[in-house]
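It should be emphasised that the depicted structure is a prediction, and the values quoted were computed from it without experimental measurement.
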Amino acid sequence: MDPTLWHQCLEQLAEELPAQQFNMWIRPLQAQMINSNQLYLYAPNRFVLDWINDKFITRIKEVLFELHKDQQLEIIITVGAKPLDTSHKPEPIINKKVEVEVNEVLPIQSVKAKREIHHSNLNRSFTFANFIKGKSNQLAYAASCQVAENSGSAYNPLFIYGGVGLGKTHLMHAIGNTILQNKQGAKILYLHSERFVADMVKALQTNSMERFKERYRTVDALLIDDIQFFAGKDRSQEEFFHTFNALLEGQQQIILTCDRYPKEVDGLEERLKSRFGWGLTVAVEPPELETRVAILISKAEQAEIELPYDIAFFIAKRIRSNVRELEGTLKRVIAHSHFTGKPITLELVREALKDLLSLQDKLVTIDNIQKTVAEYYRIKVADLLAKRRNRSVARPRQMAMALAKELTQHSLPEIGDAFGGRDHTTVLHACRKINELSAKQGDVKEDYQNLLRVLSGD
Amino acid sequence: MFVNHMINQLPLNIQLNDIATFANFYNGNNQAVVKYLQDSLQFKNQPIIYIWGQEGTGRSHLLQACCHMAQQLQLTASYLPLTDYKEWQPSILEGLEQCDLVCLDDVEQFAGQAKWEEACFNLYNRVQAAGKQLIVSAALQPQFLGLQLADLVSRLAWGLVLRLQPLSDEEKLIALQLRAKNRGLVLSDEVARFLLLRCPRNMQTLFTALEKLDQASLAAQRRLTIPFIKEVLVL
């Protein structure tokens, strides 16, 4: 076996192909050498596989055969993932006479499913202990605790709904983790609704619905996230309906999350909607200020960072939408502090979050600059474009040109054109003039800074 | 009939492939972003990174540099420029979580396309569940991309969100000269300044102009002078 064969091939192809093509189609391939004369190439999906076969396989073969010229080499390209176990030989059996054979094999996870080791998919870091309670989520929290302690008998199903990033998934995992803690060996299964759909499609394709049913109906608790994505997928809903009934009958716990109240999910069967309401339906609301502060401090503690209360308060006051955004913001602050080697102070937070805190994000265009400058100096946009050269309009015009150069990527001739068809040297002169005046005159500098702030939001 | 005896030497039809690496990226004010990206690949400390910045700030270069570095680290990587998404189906995102690193460039392109947004959201979840790394780039922050799927927006904002600062004109000058040097071209200060004054000043356009000049200078066997540039770029 030559572990470097594929690597050498990659290096050569990288030299030959445009970088984008190489990064897009060749890099994702995973290679595995078997018996020193079979090279398996795994494409992540059918689309990539077809593209490779269509555009690149001939060249890949040429390079590989050249590199491996002393021995015979069989190349098999297929959809799937490189098996983790190197002793595993992918299915199906390859026809030895064919150098390149295209086959679709199941990813190794699916192949291994026969030797079922139950994976709960639970994230151990989501617990009740690190869930920050507040007015916005106290009911959902209390219901989740009840379900965790009395799985299958308290509220079944438990339906948690609310906007994105408010902690529904956290509660769900916390319930699963607690059930596991209380009952060793309990079979808990957490998954996103997409996975349920994908599993079912695969089971239908491979004629293994019985195994699919067994997998989903023999668990002690089934946790499905974001069931709004079942909308419009009739076959999945049908199957889920039967799974749901079987679990409920067996007093196995069902926990579902959704981004809205079940009755409001369009494209979901009525019978499912009504069943979702059989147990308990609880909402999580966006966290209020105190909860947001507590969440930030808790997340900082988990990251072993000391976050002063006033700074947590400063961030929480500004980031209101959801917990994910709060976490993302904190990550940014921590990263900024690490990079600059400075402690987390209000000043550092302002610097790290200036884009987020500003209203910038609107695209700055020359039109926008002209409008803003005209408003600022109480003149008309038409004055900026006109031929008049008296100071009351010439200075604002120069200011607008300088800002256009600073804030847009337009060429100087383009900027000149946008100001009534002026030459690029006029733009250059305007920029120099404003620069020069800013150094000498406080009011010009102040005007420039004010306009820059309004336009860029800094 | 007038016959032009001045026949230019035809350049070979081989494009110099500017492999995007960290080494040939001019950082300017973006050292922090570069450092975070490199660290994330090396130490696997940031599973999700979102970089944003206006066109021509080097997002595509950096994403491809990440793929290049991944290869050096013996990791598999996938790069998808979503400017071309209309040529594909959302199923192109299936199974990408098998790669150690997935880079999605210009995700704002499919904003409003429900199937693409959902496919991207599902990919995000699968990458996270598989413990792999995702680097996403866009022109604006996640909240302003015009995505309809709130779940996707909140997940994109959950990672480390980094902004790429545009280069100042002086920095653009250095970046241009660096790119020229990598191509074996001599670009004097004067000529570089001229390009900056007369061309649209985003780096992508400037690099494209440079590429054109490189080809033309090879064909005509001429150095890059202002008259030559004027002639080639019709300025």
Side-chain angles (χ1 to χ4, degrees), chain A residues 7 10-11 14-20 22-24 27-30 42-48 79-82 107 121 163-165 192 194-195 198 225-226 228-229 259 321-322 324-325 327-329 331-332 335-336 339-340 355-356 361-363 405 408-414 424 428, chain B residues 15 17-20 31-32 35-36 46 54-56 60 63-64 67-68 70-71 74 76-81 88-89 91-99 103 118 121-122 125-126 129 140-141 143-144 150-151 153-155 157-163 166 197-202 205 235:
Chain A
H7 204 72
L10 282 180
E11 281 180 359
E15 297 270 315
E16 296 176 10
L17 295 170
Q20 188 166 304
F22 177 77
N23 284 320
M24 199 177 155
R27 266 198 224 278
L29 300 176
Q30 294 180 302
Y42 295 93
N45 56 51
R46 185 91 223 172
F47 202 96
V48 174
V79 172
K82 181 175 157 183
N121 302 327
V164 295
H192 191 265
E194 182 230 1
R195 177 71 194 278
D225 218 348
D226 287 328
Q228 70 271 19
F229 290 105
D259 68 348
S321 54
N322 62 57
R324 279 203 195 101
E325 209 176 321
E327 270 194 78
T329 307
K331 277 182 199 158
R332 210 184 302 192
H336 198 75
F339 182 74
T340 55
D355 302 320
L356 202 68
D361 314 306
K362 57 192 174 197
L363 200 61
K405 179 171 178 283
T408 76
Q409 298 288 322
H410 289 287
S411 68
L412 302 197
E414 283 167 348
H424 79 275
L428 202 58
Chain B
Q15 262 199 316
N17 189 5
D18 291 314
I19 297 174
Q31 296 100 322
K35 177 88 168 60
Y36 294 139
Q46 293 290 352
Q54 56 182 249
E55 200 188 327
S60 303
L63 259 55
Q64 293 191 55
C67 292
H68 184 263
Q71 191 185 323
Q74 309 279 325
T76 49
S78 173
Y79 169 82
L80 271 190
W88 313 318
Q89 297 293 320
S91 62
I92 198 172
L93 302 180
E94 281 171 15
L96 290 185
E97 70 279 8
Q98 289 157 20
C99 295
C103 294
E118 194 177 326
F121 168 70
N122 290 332
N125 290 330
R126 293 195 307 267
L140 299 168
Q141 300 189 57
Q143 299 87 332
F144 302 102
D151 307 74
V153 177
S154 84
R155 273 164 180 81
W158 199 5
L160 181 60
V161 178
L162 302 168
R163 182 183 187 182
L197 281 180
R198 301 295 287 270
C199 292
R201 290 168 300 127
N202 82 62
T205 321
L235 292 174

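For the set B:Ala150, B:Pro200, B:Gly95, B:Ala157, the count of heavy-atom pairs under 4.5 angstrom toward chain A peaks at B:Pro200. Here A:Arg27 is the residue among A:Glu11, A:Arg27, A:Arg332 with the most heavy-atom pairs under 4.5 Å with chain B. Per-residue heavy-atom pair counts under 4.5 Å with chain A were compared for B:Asn122, B:Asn202, B:Thr205, B:Leu96, and the maximum is reached by B:Asn122. Considering only heavy-atom pairs separated by less than 4.5 Å from chain B, the leading option among A:Val48, A:Leu29, A:Asn322, A:Asp226 is A:Asp226. In terms of heavy-atom pairs under 4.5 angstrom with chain A, the leader among B:Cys199, B:Cys103, B:Ser154 is B:Ser154. Put simply, of B:Cys99, B:Ala77, B:Ser78, the one with the most heavy-atom pairs under 4.5 Å next to chain A is B:Ala77. For chain A, the option among B:Gln46, B:Glu55, B:Gln89 with the highest count of heavy-atom pairs below 4.5 Å is B:Gln89. Ranked by non-hydrogen atom pairs under 4.5 Å with chain B, the options A:Lys405, A:Arg195, A:His336 are led by A:Lys405.
Side-chain N or O atoms of B:Tyr79 include none that pairs as donor or acceptor with a backbone N or O of A:Phe22 at under 3.5 Å. B:Arg201 places a side-chain N or O within donor-acceptor distance of the main-chain N or O of A:Thr408, the cut-off being under 3.5 Å. Put simply, the side chain of A:Gln228 gets close to the backbone of A:Asp259: a donor and an acceptor are under 3.5 Å apart. In terms of modelled atom types and a separation under 3.5 Å, the side chain of B:Ser91 and the main chain of B:Glu94 share no donor-acceptor contact.
Under the side chain to side chain contact (heavy atoms under 4.5 Å, CB included) criterion, B:Gln54 pairs with A:Gln409, B:Thr57, B:Pro166, sequence neighbours left out. For A:His424, the side chain to side chain contact (heavy atoms under 4.5 Å, CB included) partners are A:Leu412, A:Pro413, B:Arg198, not counting sequence neighbours.
Interface residue B:Ala32: backbone and side-chain heavy atoms are both found under 4.5 Å from chain A. Only the side chain of A:Leu428 has a heavy atom closer than 4.5 Å to any heavy atom of chain B. Interface residue B:Glu118: only side-chain heavy atoms are found under 4.5 Å from chain A. At a 4.5 Å heavy-atom cutoff, the contact between B:Cys67 and chain A is made by backbone and side-chain atoms alike. Using a 4.5 Å cut-off between heavy atoms, B:Leu93 contacts chain A through its backbone alone, with no side-chain atom that close. Using a 4.5 Å cut-off between heavy atoms, B:Asn125 touches chain A through its side chain atoms alone.
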### Message
Set out, in order, the CA-CA distance, both residues' side-chain angles and the distance that settles salt bridge (charged side-chain N to carboxylate O under 4.0 Å, His left out) for A:Glu194 and B:Arg126, then state yes or no.
### Response
CA-CA 10 Å; A:Glu194 182 230 1; B:Arg126 293 195 307 267; 2.8 Å; yes
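Between B:Gln143 and A:Glu325, the shortest heavy-atom contact is NE2-OE2, 2.9 Å.
Classification of the B:Phe121-A:His192 ring pair by plane angle, with boundaries at 30° and 60°, yields perpendicular.
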